J.: 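Take a look at the following structure, please.
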Amino acid sequence: MITISNLSASYHSDTELVPAITDISCSIDTGTTCAVIGPSGSGKSTFLRCIAGLQKNGYSGKITFNGEAVNPSEINIGFMPQRFGLLPWKTVKENIELGCKIKNVPLASRRKTEEILVNELGLQDKLERYPIQLSGGEQQRVGLARVFLLRPDVLLMDEPFSALDVITRESIQKVFFSLWKDASVTTVFVTHFIEEAVFLGQQIIVFSKHPGKILSTIQNPFFGRKDKVQSEEYLKFVYNLRLLLEKELNE
Amino acid sequence: MITISNLSASYHSDTELVPAITDISCSIDTGTTCAVIGPSGSGKSTFLRCIAGLQKNGYSGKITFNGEAVNPSEINIGFMPQRFGLLPWKTVKENIELGCKIKNVPLASRRKTEEILVNELGLQDKLERYPIQLSGGEQQRVGLARVFLLRPDVLLMDEPFSALDVITRESIQKVFFSLWKDASVTTVFVTHFIEEAVFLGQQIIVFSKHPGKILSTIQNPFFGRKDKVQSEEYLKFVYNLRLLLEKELNE
Amino acid sequence: MNNKVNTSFLSCLAGAAIILICWEIFALIVNLPIIPHPVKVFQKLYMIFGTTISAHLLHSLYRILIGLSCAVLIGVPLGICIGYFPKIERLFSPLVYLLYPVPKVALLPIVMLLFGTGDTSKVLIIFAIIIFQIVLSIRDSIHDISEELYYPLKSLGASFNDIFFDILWPASLPRLLTALRISTATSISVLFFTETFGTKYGLGYFIMDAWLRVNYLEMYAGIIVLSLLGLTVFCIFDLLEKTFCSWK
Amino acid sequence: MNNKVNTSFLSCLAGAAIILICWEIFALIVNLPIIPHPVKVFQKLYMIFGTTISAHLLHSLYRILIGLSCAVLIGVPLGICIGYFPKIERLFSPLVYLLYPVPKVALLPIVMLLFGTGDTSKVLIIFAIIIFQIVLSIRDSIHDISEELYYPLKSLGASFNDIFFDILWPASLPRLLTALRISTATSISVLFFTETFGTKYGLGYFIMDAWLRVNYLEMYAGIIVLSLLGLTVFCIFDLLEKTFCSWK
Amino acid sequence: GASNSEKKAETPSQSKKPIVIGLMPDTDSIPFIIAEKNGYFKEEGVEVTLMPFKSAMDRDAAMQSGNLDGAVSDLLAVAFAKSGGFDVCVTSMTDGNYRLVAGKSVDLANGVGTLKGKDVAVSKNTIIEYVTDQILAKNNMSDTDIEKVVIPQIPLRLEMLQNGKLAAATLPEPMASIAIFHGCKFVTDSAELGINPGVMMFTKAAVKDKNSEIAAVYRAYNKAVDYLASTDREKYIDFIIEKNGFPSEAKSALKLPSYHKAALPEEKDITECMEWLNSKKLVSDKYSYQDLVVKGLF
Ligand SMILES: Nc1ncnc2c1ncn2[C@@H]1O[C@H](COP(=O)(O)OP(=O)(O)OP(=O)(O)O)[C@@H](O)[C@H]1O
Ligand SMILES: Nc1ncnc2c1ncn2[C@@H]1O[C@H](COP(=O)(O)OP(=O)(O)OP(=O)(O)O)[C@@H](O)[C@H]1O
Ligand SMILES: [Mg+2]
Ligand SMILES: [Mg+2]
């Protein structure tokens, strides 16, 4: 279980200290997924960076995994930043395998998985390219392939499907889903699409506008239920989430 | 009118020449909007770069504005790249005013517009920051503010709202709409959301998967018609577009 | 901010202390006039600074500043043009590659024949050595600018002027400062070679003269002043970087 | 590809032609033995290359290569550590800033005291001058790495080893090559200062000796060989850049 | 003890310590080169390494850092080193010549007086400046009567003089002869004035520890002087020019001095030189002949 209590983080901007998130407390059960939605600039990326132990200026508050402090070399955190985090001097293949290499996962055992994954993400004929030679969506898929191949304990993804067209997006959502089911990866991801949050998040955290607080933490009854998307309850649920955000932004 | 005939472009990748778009012909009437949708990696960004005269390896085919070859110093082309194209050494304010500065538009005359725009895009308290100090969505809004402030003759935007939450996205769509109405800007934009394409594009161009050809050019009856989104025809129209993409990708 | 300046000042003092202690220990071990004790050197420095060294310092400073400024004024635009225009690159890069390794030291006779033994020759040699360092650094930094940064300007048909001031110059400024740090140290070394002729002033002359007279105390005093001069220039560049490259 | 190599070779030839023509015109105008005609110099070079210059060349090459390699082997890890660890930076940056401007030329007596008049001293002086250029360049290039590039590694608790080989080294390689170009030219100049004592071999010695013998033809022949040596090294660096930095 | 050292003297090649001597590219060094070439050092059973230098600074740096036992040098360098705290001494004089040479177009009707107010190139605080000042003094001029232009590099001084950029220059041999060979005009030289500041310098430590070896070096030196005096110039001039790095014109232009066997410098040379150093405040100590010169090595 990931437990976050009284998390605050801020940035130095010239002379002042600008708070990015203030007093965030929540918990995510092991093996569950959690979607984070909220206005642009509300601190969602900052929140994810804090969990991954990457917030440079540090933070106040406490983040624990199963009661212990975060130690990225012990647990496997797969983190996909908003800008994908590809290393420009590595080929697509090297970038995909980077996570496993760092974690000393024998790649031989992953060859099969890797091949399937690369095919599912449509990267099979781009393996020898450098990131600069890819389109935006292709770069995003490489970033996804890296964290998927690693099969991490904790998966943190910042707007993971934002640069993909609808069809590719849905097929990759499925890839994620089967990975999650297989390996029951504890997942926190940021998205701007309420429908996506509702489809993929067992728990939905709604951020307030800047500086980010938690507006609401919702247990999502429609998780994984594509069959319900036409139902009235679903539409109402989605509509209420929308209303929450709208009210927050138009205050 | 923008006329594009037999446009092809390709990239050098090691030894081979990889085609990105092949034999694209279409035309966009002055003052109209055109949405481009298509699978990830199909060449949409390349297409936009060609129109803006930025394709580095050159292209074959012909692109004319009102019958004449493209000359970016004569007409005003506002181009917003997929990664926003902010200059890291300029503050938000300088970045926003860059377009006007280049085009020698007296900024004094735009002060009022600028202030309104900055407020509408929610950037008022970030004007003195550098791009690196902004969240992804904030960066995108700066990029949008730049092209909006310029009020260009031709507006080219590559996934302009991809990093924004639903509410902000919709409010900025409105800003774009009123700009377009005011100044009747010829607009070509790329989006991954069929609903967005249908709401903002008078004409919708659907790209095939890589290498990009035009699958279909559609005159859109639901342009700007938010009131119709519950109607059966609308849902059918959207569904058909989706089907087109789905078929293309699952071939 | 104030705190930061203090820390860096303190760590500079600590660095100086380490060096002085090593020097003293070394002097004690070797026990030869070749390595005098730092205390004595500083006493000497204190004694002769006002009367002689300051004048030498000013002459050297003047030559370095002129040489550096000329190299920047010509080298930066040249480097930017070479880096930005492939055609100019094709013409000039071979010239730079061919001329840079020519040892300027060996061309001293020609320079002196053409420009005499005065300050012109001295400045010119500093200039000729440094300009290549600057041109190459700037050229390579221009090559490293990502294509995408040009998009918003080029799509508006921006003039080269605009591209220069909005992209090329700010993008290469941090690396210009790196190059200038290296160039400053180089030009200090070059003083030893230019200030040996036709002048009685300059730290290069002062140190070489003290060396010839086997006056190691004065020689080291001169070396210390030269090092402090370099340190000052380095700190100025650091300050410039903090001020003008705060966007990083 | 092949075509590209041909063009750059051609433009190099064109550059050489321009320089030779300028030189010839200059020689005609000045009409003094101090500026001999290029043709004569090349004749001389052709005559003495096999018999004498090649041996001098090998000695100089050896010294430069050892000096450069040591500077890279020590300077790159040091520069990377200074740039990456703020604590090491606080300790070492002041040391570098204090020691870099110290004119190494003036420290010759000490170097001779410690290492004699043999090759060790010569290599050491080259090393001492160049290492600072490399450390500073590398340090600044590490500072320029965007924070985001570290995310995928750091979130996995990557060791410094991983960060070094996957990020720090490849990110600083292009600027290391820029620094090496500058350092090569510097070390060529330093030859004039190190090869004047305790040796009868080396191009620095050869040129100085020719100068003292007022044999300008040989002096220029030596300068040409030295320049060609530099050019070759430059081209090797260009090739390395094309091979290992193809991701740009 | 005594029998031991006698034994050493009997089997010299085994027990004698090696000696390193620094040379300069001037005429003073020629006997050493000849001695090496003709194997005189071997004959005397001493292992001598001759280390050539191109500049006095390099030579002094090597000397002061203990890489040399002795060197071809001059009185000024010795005085400087001694006042700088290095225990060195003069062991003998050497034969060199320093000449004041005027440019081609200078009219020498008035002798040295012609140079009043004109550019004369010297190297500062060296033997060259000393000789120049002595020449001026002999002609009732002071060093403010001419414009001293400092050019330490000898070939550069030569080049500037030949190209009319200077009125005159003081040059060592063989450069002075070359300049005259190329049409420049001889004014006067140290030989004419009877001053001779060229000396052999040894460290006190070497004189103490390697007494017999230095004596052997001088025996070889004297053999070389004999050889130079008795042998046809043609036989060795090419070798000297090659070995010493003299310009090829030196073959015909250079007039070698008549070399003397190892001898102590004259008292006058040292007192005059010390006076000059003291008056210019270059050295504050007043060294006497006894302070500087060590006798009894040959
Ligand atoms: N520099 C390059 N070298 C080689 N191939 C490239 C390069 N840039 C783009 N491509 C290829 O060209 C094709 C079109 O790229 P483009 O960026 O135009 O796609 P796109 O439609 O914008 O995709 P996305 O929706 O993912 O942004 C892609 O298949 C991509 O792999
Ligand atoms: N380096 C920085 N310096 C100052 N302020 C910063 C910095 N980075 C981020 N911020 C501010 O912190 C706040 C939160 O940023 P963050 O990137 O976490 O937002 P976000 O929720 O991810 O937004 P988006 O949806 O636009 O990506 C924003 O208001 C942003 O302006
Ligand atoms: Mg974000
Ligand atoms: Mg794209």
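We use all heavy atoms of the structure for the numbers below, so side chains are in, but hydrogens, waters and symmetry mates are not. Note that the coordinates shown come from a computational prediction; the quantities given were computed from them, not determined experimentally.
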J.: Give a yes or no on whether B/Ile132 atom CD1 has more than 12 heavy-atom contacts from other residues, nucleotides or ligands under 6.0 Å away.
T.: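 No - once you tally the heavy atoms of other residues, nucleotides and ligands closer than 6.0 Å, there are 12 at most.
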J.: Taking atom NZ as the centre, does A/Lys174 end up with more than 12 heavy-atom neighbours from other residues, nucleotides or ligands that are less than 6.0 angstrom away?
T.: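 No, because the 6.0 Å sphere around NZ of A/Lys174 holds 12 heavy atoms or fewer from other groups.
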J.: Under a 4.5 Å heavy-atom cutoff, which of A/Gly137, A/Gly41, A/Ser42, A/Ser40 has the most pairs with chain B?
T.: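 The answer is A/Ser40.
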J.: In terms of heavy-atom pairs under 4.5 Å, which option from A/Ser45, A/Ser162, A/Pro39, A/Ser171 contacts chain B the most?
T.: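 Among A/Ser45, A/Ser162, A/Pro39, A/Ser171, the one with the most close pairs to chain B is A/Pro39.
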J.: Which atoms of B/Tyr130 are under 4.5 Å from chain A, going by heavy atoms: the side chain, the backbone, both sets, or neither?
T.: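 The answer is neither part of B/Tyr130.
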J.: Which residue out of B/Glu159, B/Arg242, B/Lys126, B/Gln133 racks up the most heavy-atom pairs below 4.5 Å with chain A?
T.: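 So the answer, after comparing B/Glu159, B/Arg242, B/Lys126, B/Gln133, is B/Arg242.
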J.: Sort A/Gln139 into side chain, backbone, both or neither according to what part of it lies under 4.5 angstrom from a heavy atom of chain B.
T.: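 The side chain, not the backbone.
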J.: Determine which residues belonging to residues 198-216 of chain B lie within contact range of chain A, meaning some heavy atom pair is under 4.5 Å apart, and list them by number or answer 'none'.
T.: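 Hits under 4.5 Å: none found.
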J.: Does any backbone or side-chain atom of A/Arg169 lie under 4.5 Å from a heavy atom of chain B? Answer side chain, backbone, both or neither.
T.: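 Looking at A/Arg169, just its side chain touches chain B.
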J.: Quick one: CD1 on B/Ile167 to CD1 on A/Ile194, what's the gap to the nearest 0.5 Å?
T.: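 If I round to the nearest 0.5 Å, the distance is 6.0 Å.
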J.: Taking side chain as everything from C-beta outward and backbone as N, CA, C, O, which of these in A/Ala163 sits under 4.5 Å from a heavy atom of chain B? Side chain, backbone, both or neither.
T.: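 Both backbone and side chain.
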J.: Looking at chain B, which one of A/Arg129, A/Lys44, A/Glu128 has the largest number of heavy-atom pairs inside 4.5 Å, strictly under?
T.: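 Going by pairs under 4.5 Å, I would pick A/Arg129.
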J.: Can you tell which part of A/Glu170 gets under 4.5 Å to a heavy atom of chain B, answering side chain, backbone, both or neither?
T.: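 Contact with chain B involves the side chain of A/Glu170 alone.
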J.: Is any side-chain heavy atom of B/His192 closer than 4.5 Å to one of A/Val166?
T.: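 No, their side chains stay 4.5 Å or more apart.
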J.: For A/Gln82, is it the side chain, the backbone, both, or neither that has a heavy atom closer than 4.5 Å to a heavy atom of chain B?
T.: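 Interface part for A/Gln82: side chain.
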J.: Against chain B, label A/Leu249 side chain, backbone, both or neither, depending on which of its atoms sit under 4.5 Å from a heavy atom there.
T.: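 When you check distances to chain B, only side chain atoms of A/Leu249 fall under 4.5 Å.
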